[in-house]
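Here is the structure we will look at, set down as structure tokens.
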Protein chains: 2
Amino acid sequence: MSWGIDNLPYGVFSLPGQEPRVGVRYGDKVLDLTAALHDEVFAAPSLNPFMARGRAAWRDTRALIQEKLTSDLSVVERHLIPLAQVELHMPVEVADYVDFYCSLEHASNVGRMFRPDAEPLMPNWRHLPVGYHGRSGTVVVSGTPVRRPQGQLGAGVFGPCRKLDVEAELGFVVGVPTEMGTPAGEFEDHVFGVTLVNDWSARDIQSWEYRPLGPFLAKSFATSVSPWVTPLEALPRIPGRAQDPEPLPYLRRKADWGLDIAVEILLNGEVVARPPYAEMYWTPDQMLAHLTVNGAALRTGDLFASGTISGPERGQRGSFIELTWNGTDPIKLGSGETRTFLEDGDTVTIRATAGDVTLGEVSGTVAQALDVTQGA
Amino acid sequence: MSWGIDNLPYGVFSLPGQEPRVGVRYGDKVLDLTAALHDEVFAAPSLNPFMARGRAAWRDTRALIQEKLTSDLSVVERHLIPLAQVELHMPVEVADYVDFYCSLEHASNVGRMFRPDAEPLMPNWRHLPVGYHGRSGTVVVSGTPVRRPQGQLGAGVFGPCRKLDVEAELGFVVGVPTEMGTPAGEFEDHVFGVTLVNDWSARDIQSWEYRPLGPFLAKSFATSVSPWVTPLEALPRIPGRAQDPEPLPYLRRKADWGLDIAVEILLNGEVVARPPYAEMYWTPDQMLAHLTVNGAALRTGDLFASGTISGPERGQRGSFIELTWNGTDPIKLGSGETRTFLEDGDTVTIRATAGDVTLGEVSGTVAQALDVTQGA
């Protein structure tokens, strides 16, 4: 089963009237880890204290949970709570949030749209995983409504965003910190697991504001993540995509960290894209090596995301700006409707599977913008 | 006196063997607020719990401290600890760190250097305060050594940064949060006070990495702040600089938030620049209005900085890249030496006064880069 013994993602749940605490999803239930393992680290309202324990603890705990759910099932059965009874919360207290730009197809598509007369890729793109910092204070859990942002859409033009978009991404959650001044070691010694990310984007705000310091208000209003963090151990790995030119030594892959994850984007329940994570150019170990090569410290709870996952086919693009070519080529929905960008009331869900392992989905519904008269 | 009853900045200090707690600087001493005011909010290792109380509490506390240090001095005198006996710590637990780009002269200088054939200012610059998110996990207190970062300096080129620079900035610390989806209210209802910021910058890393998503590793290795946060109430205010075109309504100034702060940059003890904060184009109330107009939530501990403070004269430029015109026009030091960018062992100190009020200085010494063979 897709939420079976080989999956076991971690999350934070609460029962009515109780404080949030850490659990593991098993089938349609949550195993209450504080009760099942008698370990107060799971009584915290986030995974952070547990993630800070490090790789050996992650491995041992997973093995222990697997044992409890098989040979000792009769003992822990009473600590399995039906999902329908719980509320799910942000699984992680996010420290710094970094967003990368690792899909060759996504970066090329965006380049073609915005700089039609130039090379689609910037000269640096094949030499390093381009990234930037986002706003960690507005990383929210799946299900949180996302209000359409208002802002400047051009010189003297103010109003609600007209090009509200999503970016389907995979996020990597850091457990083990580093000291400032020293690059991170091996990927699996620092990174605890993955979560799906929807990096909501206001394309009209972005195209006006982004030069020369990058995206700011176009992204900072909301970023949604799954309530479940899937441990690295649960993910089947594949070789990374070929890279040309060969990266500098600090970016050379020491192990296979390509991930064969099939992603789907649903608009109001209908699949509109199937981005393949296996096509990503830069692998997550390369993102981590780059992020810390300058000595930037990691903290427990740091989240870094892949950037939009887009494959070479039209139906594999991970954002509406690509799917509709900046709104010039609307997509047709099953209802007969068409869509360029998101409308109020739209619900976007991103879901994914890695072999038999299902990732926690991330979903959000667009709420109407504030009354704009204050800005007019 | 410059650290007198009209100043009273807040910081976090510790005595040997004791936990860090909140104090106020008065002359060359620190008033231990936990002891003097019998309020456990000051027993925290950061200003955050106190800052979260809001404007009325800030005002009442300041008035109470002023009273204790004048009419009740004999009572609190035993809680005044000589600065020489204490260690100073990060005053704030930084939530999100945002860096703006508010100096017309700085933005114009950088534009002239990097895009000599184009208009120095981007088309958006006079319409909005351009900003981006930085790394909050590497915001460190004055005195922390700053290791020269290594990284990519161009296609296939790896090594220690050769153009290590500073940016002299003023930082604004948020006390009162907002809900996601709702812009902030009045500036002084949210912002607690100011701190000097040194936004260390690796210019060679920056010029290679920054397109199209902005600065990343060029800034994320370290950002230094003063140990003292000066309350807004202590700062004399002046009208902001004239703006053309008139900004959109959400950016219109409702009160005077221009600040007449005289800043100095010292290299190894010698003043090399005197940037005038009064010349800044965008005022801090405009930064806050812009930062939150899209509904981005504020958290207690958010830090937003002005961007480099540069005035129109050469000696008023707030970075070495401007002072030396990207290294082509070295500055001469009193010793007869010249300087383009920073060398290992250099100490940079930023200090400032606002009328009779001295701000806490921010200082840092450049440590040698890691052995680069791992990246070569």
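Note that this is a predicted model, so its numbers are computed, not measured. Labels below follow one simple rule: chain letters A, B, ... track the order of the sequence lines, proteins then strands, and each chain is numbered from 1.
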Contact leader toward chain B among A:G154, A:P212, A:A95, A:G111, where contacts are heavy-atom pairs under 4.5 Å: A:P212
A:F216 and B:F100: CA distance, side-chain angles, deciding distance, ring-ring contact (aromatic ring centres under 6.0 Å, His included) verdict: CA-CA 10 Å; A:F216 180 38; B:F100 283 96; 5.8 Å; yes
Cationic N near anionic O, under 4.0 Å, A:D285 to A:R253: no
Heavy-atom proximity to chain B below 4.5 Å, by part of A:V146: neither
A:P177 portion near chain B, given a 4.5 angstrom heavy-atom threshold: neither
B:E93 side chain to B:N48 side chain, donor-acceptor N/O pair below 3.5 angstrom: no
Rounded distance (nearest 0.5 Å) linking atom CD of B:E169 with atom OG of B:S224: 11.5 Å
Pairs of heavy atoms under 4.5 Å with chain B: top-ranked of A:A297, A:P149, A:G131: A:G131
Interchain contact, B:P245 with chain A, by part (heavy-atom threshold 4.5 Å): neither
Chain B contacts, top residue of A:D96, A:V110, A:L128, A:T292 (heavy-atom pairs, under 4.5 Å): A:D96
From SG (B:C161) to CZ (B:F221), nearest 0.5 Å: 6.5 Å
Contacting region of A:Y101 [heavy-atom separation from chain B under 4.5 Å]: side chain
Which of B:Y210, B:Y132, B:W208 touches chain A most, by non-hydrogen pairs under 4.5 Å: B:W208
Parallel, tilted or perpendicular: ring planes of B:H290 versus B:Y250, cut at 30 and 60 degrees: parallel
Heavy-atom check, side chain of B:Q286 versus side chain of B:C102, under 4.5 Å: no
Top of B:P215, B:A367, B:G151 for chain A proximity - count of heavy-atom pairs under 4.5 angstrom: B:P215
A:L291, part contacting chain B, at a heavy-atom distance under 4.5 Å: both
From CZ (B:F341) to CZ (B:R162), nearest 0.5 Å: 12.5 Å
Region of A:D302 in contact with chain B, defined by heavy-atom distances below 4.5 Å: side chain
B:L298 portion near chain A, given a 4.5 angstrom heavy-atom threshold: both
Chain B interface, residue from A:R135, A:Q152, A:R211 that has the most non-hydrogen pairs under 4.5 Å: A:R135
Option that, when pairs with chain B are counted at under 4.5 Å, heavy atom only, ranks first among A:N124, A:L251, A:D99, A:V140: A:N124
Side-chain touch B:F158/B:Q150, heavy atoms, less than 4.5 angstrom: yes
Which atoms of A:V98 approach chain B - backbone, side chain, both or neither, heavy atom under 4.5 Å: side chain
Side-chain donor-acceptor contact under 3.5 Å, B:D165 with B:S201: no
Most contacts with chain B, counted as non-hydrogen pairs under 4.5 angstrom, among A:G295, A:A222, A:S220: A:S220
Between CG on residue A:D244 and CZ on residue A:R126, distance to nearest 0.5 Å: 6.5 Å
Largest heavy-atom contact set with chain A, pairs under 4.5 Å, which of B:R147, B:E209, B:R299: B:R299
